[in-house]
Protein chains: 2
Amino acid sequence: MTVVSAVVEGEAIGRRERKKLATRAALSGAALRLSVEHGVDRVTVEQIADEADVAVRTFFNYFSNKEEAIAAGDLATTVSLVEAFTGLPADEPLLDSLREAALLVVTGDAYRDRDRVEEMRAIRRAPALLPHLLAAYAEQERALSAAVASRTGTDAEKELFPDLVAATAMAGLRVVVQRWLAAPADELDGTRLAELVEATFAQLAEGLATPPPRR
Amino acid sequence: MTVVSAVVEGEAIGRRERKKLATRAALSGAALRLSVEHGVDRVTVEQIADEADVAVRTFFNYFSNKEEAIAAGDLATTVSLVEAFTGLPADEPLLDSLREAALLVVTGDAYRDRDRVEEMRAIRRAPALLPHLLAAYAEQERALSAAVASRTGTDAEKELFPDLVAATAMAGLRVVVQRWLAAPADELDGTRLAELVEATFAQLAEGLATPPPRR
DNA sequence: GGCAAAGTTGCACGCTCTGCAGTAATCGGT
DNA sequence: ACCGATTACTGCAGAGCGTGCAACTTTGCC
């Protein structure tokens, strides 16, 4: 069990661990706020460290670079797919739970907050951020794979299935969110986002067998 | 049409464009060789630029950082999924073509060359490379989405389907390759890689409905 | 209270990465 | 073949990044 999951599960951890998590959260929060304010490319590590009230050297104990911190801050504002998935009943079909978890993600506070959505759009205009967003998704994918393995009683070390399910679900959610965020501002409707998620998981459930009608 | 696809299709382009492509290839090839030799973290942009016989300043006209160049060099050694897909008959089921394309990728020269495979494993030990590998895959995913849209006669701007299919196929291929590369050295058998691809696309075709037996 | 482990931090320094501007190569028209 | 426009290469300066080392502080455990 990771420290984060210990916290999630309400288990006691020491002051040292709690302070580490607090510092990491302070840094990623500062990174997000300041990258929105100054731009991803222009914000400096020194500004982020100052805002989080730690030394620049300390910043690099937590993150490899500012983009990693920004991505962490951005993802922290949304409901985690793995947390949503883990909280659902284990006796329903797997893809149903993943669809429901994805719906919990996209109906969370972040995607309904217009300012937050506009920030998401703004920071994603910086090409330097994409690799680190993808890496952050990959981190969540690993956690989701473990949760799928636990749920299906399979050994993620031996079986490809949990990795494939996690990668597919994360890919589906990612393309939906990317498409929605890239839409014109008047189309940023929460209902449409949920509809895209439904359509995505419906397509996955039927094995991507039916393309939409030709234009 | 991009310059690269012009080249792929054998269309004439000028000396300037050809020299740009040659410079980019020289840089990414140098990046790969030198990162294998020195380590991803230790190789410098100056070493890469010198090896490619260009100025350091010129390096940054092509790549944002050395990791991006290394990822480009690494991917360039493998068959491109989109090229493989585009070369297949358009009248068979979509997922069948994607499976066949993925098989063409994993049965290409790169995955059968033990030295190349060992290089892949070595450079992937550097955490700093992962975000840029993922970004390079995302670039290939965009091209694949366009190819899927063209093949299914759908408008990738309007329909989510091509993006979803491309993201899913790339995710499936990625987890297979990642798993295979992470296996013990005596399990790096080409037949097993192809089997993993078959299993992956079989699972996708049936909508990930059946987990493997519980352990 | 004391010791070991872990975390913070300053410092020095090699390297990254960019904007600017001068120079060179390429392209297209005449 | 020449010429002008466009594009690419490159050196330079400099701001900022990112790391290893070591001193200091905090935390946990006995």
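Here is how names work: the chains are called A, B, and so on, in the same order as the sequence lines, proteins then strands, and each is numbered from 1. Since the model is a prediction, treat every value here as computed from it, not as a measurement.
The CZ-P distance, from B:Phe60 to D:dG11, rounds to 14 Å in whole Å. Whole-Å rounding puts the B:Glu67 CD to C:dC15 P distance at 15 Å. Taking atom CZ on A:Phe59 and atom C1' on D:dT19, their separation rounds to 14 Å, with Å as the unit. Rounded to whole Å, atom C1' of D:dT27 lies 8 Å from atom CZ of A:Arg15. Nucleotide C:dA5 holds its C1' atom 12 Å from the CD atom of A:Glu17, rounded to whole Å. B:Asp41 places its CG atom 19 Å from the P atom of C:dG14, with the value rounded to the nearest Å. A straight line from CG of A:Leu27 to C1' of C:dG7 spans 13 Å, rounded to a whole angstrom. Spacing between atom CG of A:Asp50 and atom C1' of D:dG16 amounts to 14 Å, rounded to whole angstrom units.
Between the B:Thr86 side chain and the B:Val82 main chain, a donor and an acceptor come within less than 3.5 Å of each other. The backbone N or O of A:Tyr62 lies less than 3.5 Å from no partner atom in the side chain of A:Lys20, so there is not a single donor-acceptor pair.
Residues A:Asp50 and A:Glu46 are in side-chain contact: their nearest non-hydrogen atoms beyond the backbone lie under 4.5 Å apart.
For B:Glu46 and B:Arg16, each mapped to the nucleotide of DNA chain C holding its nearest heavy atom, the one lying further toward the 5' end belongs to B:Glu46. Comparing B:Lys20 and B:Arg57, the nucleotide of DNA chain D nearest to each residue sits closer to the 5' end for B:Lys20.
Close to D:dA8, at under 4.0 Å from its OP1 or OP2, lies no side-chain N or O of B:Tyr62. At least one side-chain nitrogen or oxygen of A:Thr58 sits closer than 4.0 Å to the OP1 or OP2 atom of C:dT9.
Axis angle across the helix from C:dG1-D:dC30 to C:dT30-D:dA1, with five pairs used at each end and values rounded to 10°: 40°.
No hydrogens or angles considered: a donor-acceptor pair under 3.5 Å links the side chains of B:Ser97 and B:Arg151. A donor and an acceptor atom, one from each side chain of B:Arg116 and B:Thr78, are nowhere located under 3.5 Å apart.
Between A:Ile48 and the options A:Leu27, A:Leu32, A:Val54, A:Val56, a side chain to side chain contact (heavy atoms under 4.5 Å, CB included) holds for only A:Leu27.
Of the candidate nucleotides D:dC17, D:dC9, C:dT8, D:dC9 has the atom lying nearest to any side-chain atom of B:Asn61. Distance from the side chain of B:Lys19 is smallest for C:dA25 among the nucleotides D:dG18, C:dT9, C:dA25. Listed candidates were C:dG10, C:dT16, D:dC17. Nearest to the side chain of B:Thr44 is C:dT16.
Across every non-hydrogen atom of A:Asp189 and A:Trp180, the tightest pair is O-NE1, 3.1 Å.
Backbone-only engagement by B:Asn65 is indicated by non-hydrogen atom pairs under 4.0 Å involving sugar-phosphate atoms exclusively. Contacts of B:Val56 with the nucleic acid, taken as non-hydrogen atoms under 4.0 Å apart, are absent.
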